[in-house]
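This one's a predicted model, so the numbers in the text were calculated from it and none came from an experiment. All values below come from the heavy atoms of this structure, side chains included, with hydrogens, waters and symmetry mates left out. This chain uses plain numbering: 1 for the first residue, then up along the sequence.
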Amino acid sequence: LTAEGDRYFFGYGAAQSYAVAAHKYMLAAQKNFAPAMTSLGFVYENGLGIDRNMTEALRWYGSAAEQGHSDAHNSLGRLYETGHGPHQDFEKAFEHYMVAAELNHLDGMSNLGFCYGTGKGIHQDLDEAIRWYRAAAEQGYAKAQNNIGSLFYRGAGVKQNFETAVEYFLRASQQGDRVAFNNLGICYEEGAGVLRDYAMAARMYKEAADLGLASAWTNLGYLYLMQDQFDQAQAYFRMAADSDNAEAWFNLALMYERGLGVEVDARIAARYYRRAADKKLPKALNRLAAFYLCGLGVPEDPLEAFNLYSESALSGNPEACNNLGIMYEDGIGCDQDYQMAIQFYAEAVSQNDRNAMFNLASMRANGRGCPADDRQAFQLFRKAAELGHDEAVAEMEKIHAEDAGQALTKLRDRFPGLDNSLRIALSRDFGDSGRVDPA
């Protein structure tokens with residue numbers, strides 16, 4: 001019965017009919033056959049030939065998993081990881097992936113590697129991530145091959161090696177893995193492990209996009225944008241936006257904000273930033289906050305700006321951390337709180353945000369919310385200058401004193417405070433979603 005169900009499900013030797021397949025799976029599952037239970041769970045999960053019912057999907061996956069069926073364990077792991085059906089529970093997802101992996105389920109191995117690599121449901125352990133990715137990759141599993149490539153690209157858990165990354169991406173792409181095609185496009189665009197070749201980058205992005213990866217359209221748009229081909233860039237961003245890709249909405253918003261190939265229109269920009277922010281893209285939350293702070297395309301609303309900066313900062317966005325520090329330091333949209341300002345500036349500084357370095361240095365120099373510390377302030381000013389902060393560069397060029405205290409006295413005189421509109425950091429770069437990510 002299960003084999004007959006597969007024939008109708010895939011259309012092998014019979015006219016494809018999900019309804020007939022679901023019926024066959026149901027008959028076999030009622031006989032307590034685990035593979036049929038898993039297939040029945042799948043059609044219930046996706047509403048194929050039968051009404052979508054996540055409760056039934058979980059029930060049948062669970063029954064099959066109790067019999068040790070690896071596909072069922074992997075499917076349960078996926079549902080717990082994504083929160084589609086049950087409440088999101090990374091620890092339960094990890095447990096099911098572990099069982100599936102130990103049963104030599106290739107996707108389970110790759111998913112377990114991802115959990116270890118990202119710290120989902122278990123403490124992060126890149127050595128274990130690599131071990132499980134390799135176990136699947138050595139058996140020819142494309143998703144795992146791509147994911148090992150991404151680790152070599154980043155130098156995460158292994159010594160960074162672009163050439164090795166490209167080798168793994170190539171292996172995965174030869175099996176039609178769309179994320180691997182996208183990652184090859186990035187390598188060709190950046191000249192990482194291969195000679196820079198924009199034509200090849202575009203070809204790889206198109207391969208990935210044709211396989212349904214919306215972020216590849218975004219990357220293709222980004223490629224044309226960097227070559228000032230604005231019409232083509234916008235066209236590809238819109239194709240990605242049609243799939244509700246957050247990076248594409250963000251990039252379209254920036255084009256309207258800056259007038260790149262279109263007339264400047266703050267209202268359209270704000271609307272597109274909102275689309276990206278609704279997808280919880282940290283830099284979109286940060287940028288939309290700036291619009292509310294300044295009343296660009298939306299009513300001026302410091303409290304809404306504060307809330308958006310807070311949400312972005314909690315995601316670790318360094319620009320938002322710096323901007324939230326400014327809000328707390330000057331009491332914009334919130335009660336003035338120097339300690340909170342220092343906390344958020346410090347978080348941004350830990351991520352090498354030059355604006356935060358300058359702002360924290362100013363607080364240290366003037367003893368705002370902390371004892372004055374000339375030496376630390378001077379070091380922060382100097383580092384901000386080294387990273388190209390305009391005001392810090394200008395001041396460091398004027399100061400040639402070895403004594404940090406004497407230098408800071410001069411800086412205090414010159415910088416009693418900065419205008420908030422200048423200190424709010426803009427999002428400097430266009431997004432480029434999918435920059436070498438695991439599958």
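The salt bridge (charged side-chain N to carboxylate O under 4.0 Å, His left out) search around E95 returns none, not counting sequence neighbours. Legend: residues meeting salt bridge (charged side-chain N to carboxylate O under 4.0 Å, His left out) with R274, ordered by chain and number and at least two apart, are D278, E304. Residues satisfying the side-chain hydrogen bond (donor to acceptor under 3.5 Å, both in side chains) test with T82, not counting sequence neighbours, are H84. Under the rule for a ring-ring contact (aromatic ring centres under 6.0 Å, His included), the partners of Y273 that lie at least two apart in sequence or sit in another chain are F250, F291. Scanning for salt bridge (charged side-chain N to carboxylate O under 4.0 Å, His left out) contacts around D107 gives K143, with sequence neighbours left out. The salt bridge (charged side-chain N to carboxylate O under 4.0 Å, His left out) test applied to K279 returns D244, not counting sequence neighbours. Every residue meeting the side-chain hydrogen bond (donor to acceptor under 3.5 Å, both in side chains) condition with Q376, not counting sequence neighbours, appears here in chain and number order: R364. Considering only residues two or more places apart in sequence or on other chains, N104 meets the side-chain hydrogen bond (donor to acceptor under 3.5 Å, both in side chains) condition with Q139.
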Side-chain donor/acceptor pairs under 3.5 Å, residues 192-202, sequence neighbours excluded:
{"residue": "R196", "atom": "NE", "partner": "E189", "partner atom": "O", "Å": "3.0"}
{"residue": "R196", "atom": "NH2", "partner": "E190", "partner atom": "O", "Å": "2.9"}
{"residue": "D197", "atom": "OD1", "partner": "A199", "partner atom": "N", "Å": "3.1"}
{"residue": "D197", "atom": "OD1", "partner": "M200", "partner atom": "N", "Å": "3.0"}

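The existence of a salt bridge linking R131 and E128 is confirmed by a sub-4.0 Å separation between a basic side-chain nitrogen and an acidic carboxylate oxygen. Salt bridge absent: R287 and E319 never bring a charged side-chain N and a carboxylate O closer than 4.0 Å.
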Test side-chain contact (heavy atoms from CB on, under 4.5 Å) on N245 and W217 and set out the steps.
-> CA-CA 9 Å; N245 180 269; W217 289 127; over 6 Å; no
task = Decide side-chain contact (heavy atoms from CB on, under 4.5 Å) for L285 and N317; before the verdict, give the C-alpha distance in whole Å, the side-chain angles of both, and the deciding distance to 0.1 Å.
result = CA-CA 10 Å; L285 291 163; N317 183 278; over 6 Å; no
Q | side-chain contact (heavy atoms from CB on, under 4.5 Å) assessment of F358 paired with R354 | A | CA-CA 6 Å; F358 186 87; R354 60 188 181 181; over 6 Å; no
Can you list the steps and then say if L58 with L76 is a side-chain contact (heavy atoms from CB on, under 4.5 Å)?
CA-CA 7 Å; L58 283 168; L76 284 170; 3.8 Å; yes
Begin from the C-alpha positions of E347 and Q351 and carry the test side-chain hydrogen bond (donor to acceptor under 3.5 Å, both in side chains) through to its verdict.
-> CA-CA 7 Å; E347 173 59 30; Q351 299 184 60; 3.2 Å; yes
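Residue L308 holds its CG atom at 11.5 Å from CG of N323, rounded to the nearest 0.5 Å. The CD atom of Q145 lies 8.5 Å from the CG atom of D177; values are rounded to the nearest 0.5 Å. Going from atom CG of L260 over to atom CG of L252 covers 11.0 Å, rounded to the nearest 0.5 Å. Atom CG of N147 and atom CZ of F152 lie 13.0 Å apart (nearest 0.5 Å).
Between the side chain of Y97 and the backbone N or O of S110 there is no donor-acceptor pair closer than 3.5 Å. Looking only at distances, no side-chain donor or acceptor of D330 sits under 3.5 Å from a matching main-chain atom of I332. In terms of modelled atom types and a separation under 3.5 Å, the side chain of E207 and the main chain of G185 share no donor-acceptor contact.
Residue pairs meeting the salt bridge (charged side-chain N to carboxylate O under 4.0 Å, His left out) criterion with at least one partner in residues 57-69, sequence neighbours excluded, are E56-R59. Listed by first and then second residue, the side chain to side chain donor-acceptor pair (under 3.5 Å) pairs involving residues 227-236 are Q234-R238 (not counting sequence neighbours). Listed by first and then second residue, the salt bridge (charged side-chain N to carboxylate O under 4.0 Å, His left out) pairs involving residues 67-90 are E45-R78, E81-K120 (not counting sequence neighbours).
The aromatic rings of F94 and Y116 sit perpendicular, their planes meeting at an angle over 60°, well past the 30° parallel limit. Aromatic ring orientation, Y272 versus Y256: perpendicular (interplanar angle above 60°, classes split at 30° and 60°).
For the pair R171 and Y168, the cation-pi criterion (under 6.0 Å, within 45° of the ring axis) is fulfilled.
The shortest side-chain heavy-atom distance between C370 and I342 falls under the 4.5 Å cut-off. Contact of the H389 side chain with the K383 side chain is not registered, since no non-hydrogen atoms from C-beta on lie closer than 4.5 Å.
At most 12 heavy atoms of other shown residues, nucleotides or ligands fall within 6.0 angstrom of atom CD in E91.
For F306 and Y328, the ring centers are positioned less than 6.0 Å apart. A ring-centre distance under 6.0 Å is found for F162 and Y153.
The nearest pair of heavy atoms linking S70 to H105 is OG-CD2, 3.4 Å.
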